[in-house]
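Here's the structure, in structure tokens; my notes come after.
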Amino acid sequence: MRSSWADSVANAESSASASRSSYVPPHLRNRPPSSDPPVPSHSSAPIAPAARPSGYSGGTSGGSRWSAGSVRDTGRFNSGGGGWNSRTGGWNRGREREVNPFANDDDKNEAALNDQENSGINFDAYEDIPIETSGDNVPAPVNTFAEIDLGDALNQNIRRCKYVKPTPVQRHAIPISVAGRDLMACAQTGSGKTAAFCFPIISGIMKGGHFVQKPPGSRTSFPLALILSPTRELSVQIHEEARKFAFQTGVRVVVAYGGAPINLQLREMERGVDILVATPGRLVDLLERARVSLQMIRYLALDEADRMLDMGFEPQIRKIVEQTDMPQRGMRQTMLFSATFPREIQRLASDFLSNYIFLAVGRVGSSTDLIVQRVEYVSDSDKRSHLMDLLHAQRANGAHGKQALTLVFVETKRGADSLEHWLCLNSFPATTIHGDRTQQEREMALRSFKSGATPILVATDVAARGLDIPHVAHVINFDLPNDIDDYVHRIGRTGRAGKTGLATAFFNENNSSLARPLLELMQEANQEVPDWLSRFAVRSLHGGGGRNRRSGGGARFGGRDFRRDGSHNRGGGSDYYTGAGGGAGYGTAPAAYGGNYGGAGVVSAWD
DNA sequence: AAAAAAC
């Protein structure tokens, strides 16, 4: 009784529409139905519900509690057909209703053929990445996914994603997480960070049977894992990724964020949620309504963790982590990921961690050689005409007469609107994304940009972090940020996954405080630094600058565990620094990381 | 100082 993939998808669609109005995930809203092709390209891997892998570890023992199907049989999900995590029916029905998360990949397949398939990772670009780890008994890294016992269903999805081998951050982070250890990881977003924390979570949920009964009639959901991110779009993106990894594992992933109708999100949660991806505000709302309990949380992941713990977010995060029924640190597994990790933020973060391992993936010296960084002196009054020059030149060079995707960062929301308006007046197809737009407008803008319909996107810092937008050829810092970290995240929207990119910054007197950190960053990345910028840097040293140095300069492109600093005495210190965890070929060489920068301040791994 | 994040 083996049905085809197409059949199962068709079943899923018809059964979804047969019962109540079919739920459309937020990230799929406003799309014509036809953009959801029913027949995936992976014809070689048709996994119908009836043809699921029978055993977790590839064995023939179909009754293994690790098998994908049996997850729903543990009682937790499906006690007597009315399991609290599947109110609308047994797992079979839930399975059929699962929309194929790979369906939309079809339109990308053409582009994906030439590189490392869908992963898009150019592994050659990551050959010489140095790794630093510290902490007690660091688990050894792996070289293949097969070395990690993630389970058949997850392995299937890894194949469907066309991930051939783990990226450096995955090689190290996954064994650490699978071993149950807390983790602070400094790594590039585009190199597979989401997978690095999703794989262990999904695998762990599948392995651990849970038998908690939801009180009858209660509408509270009890997710087992919580993934927080600082922007709605990033949460949507993480949800999209996680759904692929969790496809047909029985593990349900739900996203909740503000600006979108809460009822749809509530309904999704009522159908069961194992992994909740959320932005902080909406989660607090859900907690106050008692629609979510964090009592069962076994995994907590903070993406862009340094942003989540900065001044704007820290109170909310503290509330969520420390003032709810979430198990205390040590009783849950906590994973923090970011590309930048200022030392003071590391200190804050250690409140949430228990005997954690610090991992930094970065390359010394040549970190951003995939991104060509340019700085141009442009006075405020010349910025628009200068931008137009750049865009004209780019259009002339563009392939197929198409404008290459260009992401333009500005400082303020008003500035974003104004610049977009001006660009459109001048016949440049642009749109904008910022926090004053409705969520619908924001998601529309992002789609329109990704598709190339409006190849110019004017953005505030809402788009600076984490967003994976393929084919961004050029990032223009029309207004430079005040913080070098933000610059690092912004330019990281290009040159992703081993591809090259261009980043242009408009610099003038107003950016003096950024001169020195920018100079250091560019020198370290072997970028050509204009003489006038060096003069600005020297000048800013005398002019009472240093406000951007975050207690003394930035150690970039390589991590440093703040526990290594002499000033930090936590339980005797040296125990934490047990080396590189068997990373053959990778030296710990702490001196190589930021030694030139006084060892203080920002830690970064070039995203 | 701005941006983000709930209604």
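Lettering of chains follows the sequences in order, A, B, ..., and the numbering in each one begins at 1.
Nucleic acid contact for A:Arg307: none, since no nucleic acid atom lies under 4.0 Å from a heavy atom of the residue. Residue contacts for A:Gly258: at a heavy-atom cut-off of 4.0 Å it reaches the sugar-phosphate backbone alone, with no base atom in range. Counting non-hydrogen atoms under 4.0 angstrom, A:Arg289 reaches nothing in the nucleic acid.
A:Asp483 has its CG atom 16 Å from the P atom of B:dA4, to the nearest Å. Rounded to whole angstrom, the span from the CG atom of A:Leu228 across to the P atom of B:dA6 amounts to 11 Å. Rounded to whole Å, the distance from CD on A:Glu288 to C1' on B:dA5 is 13 Å. In this entry the distance linking NE2 of A:His434 with C1' of B:dA2 reads 13 Å, nearest Å. When rounded to the nearest whole Å, the span between CG of A:Leu286 and C1' of B:dA5 equals 13 Å. Between A:Lys413 atom NZ and B:dA4 atom C1' the separation is 8 Å, expressed in whole Å. Taking atom CZ on A:Arg437 and atom C1' on B:dA5, their separation rounds to 18 Å, with Å as the unit. One can place CD of A:Gln316 at 5 Å from C1' of B:dA5, the figure rounded to the nearest angstrom.
Looking at A:Lys319 and A:Glu288, a side-chain N of the basic residue comes within less than 4.0 Å of a carboxylate O on the acidic one, giving a salt bridge. With respect to A:Arg343 and A:Asp561, no salt bridge is recorded, no charged nitrogen being found less than 4.0 Å from a carboxylate O.
The ring pair (Phe, Tyr, Trp, His ring centres under 6.0 Å) check on A:His386 picks up A:Phe506, with sequence neighbours excluded. In this structure A:Phe507 satisfies the ring pair (Phe, Tyr, Trp, His ring centres under 6.0 Å) test together with A:Trp532, A:Phe536, sequence neighbours excluded. With sequence neighbours excluded, the residues that form a side-chain hydrogen bond (donor to acceptor under 3.5 Å, both in side chains) with A:Thr334 are A:Arg332. With sequence neighbours excluded, the residues that form a ring pair (Phe, Tyr, Trp, His ring centres under 6.0 Å) with A:Phe199 are A:Phe145, A:Phe245.
Regarding contacts with the backbone of B:dA1, every side-chain N or O of A:Thr412 stays at 4.0 angstrom or more from both OP1 and OP2. Distances shown here put every side-chain N or O of A:Arg291 at or beyond 4.0 Å from the OP1 or OP2 atom of B:dA6. In terms of phosphate contacts, A:Arg465 brings no side-chain nitrogen or oxygen within less than 4.0 Å of OP1 or OP2 of B:dA4.
Among the nucleotides B:dA5, B:dA2, B:dA6, the one closest to the side chain of A:Glu233 is B:dA5. Candidate nucleotides B:dA1, B:dA5, B:dA3 were compared by shortest atom distance to the side chain of A:Thr279, and B:dA5 ranks first. The side chain of A:Val462 lies closest to B:dA4, out of B:dA4, B:dA6, B:dA1.
For DNA chain B, no neighbouring residue in residues 415-422 of chain A is found when judged by any heavy atom under 4.0 Å.
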Validation: residues 419-431 of chain A side-chain donor-acceptor distances under 3.5 Å, sequence neighbours left out:
residue	atom	partner	partner atom	Å
A:Asn426	ND2	A:Trp422	O	2.8

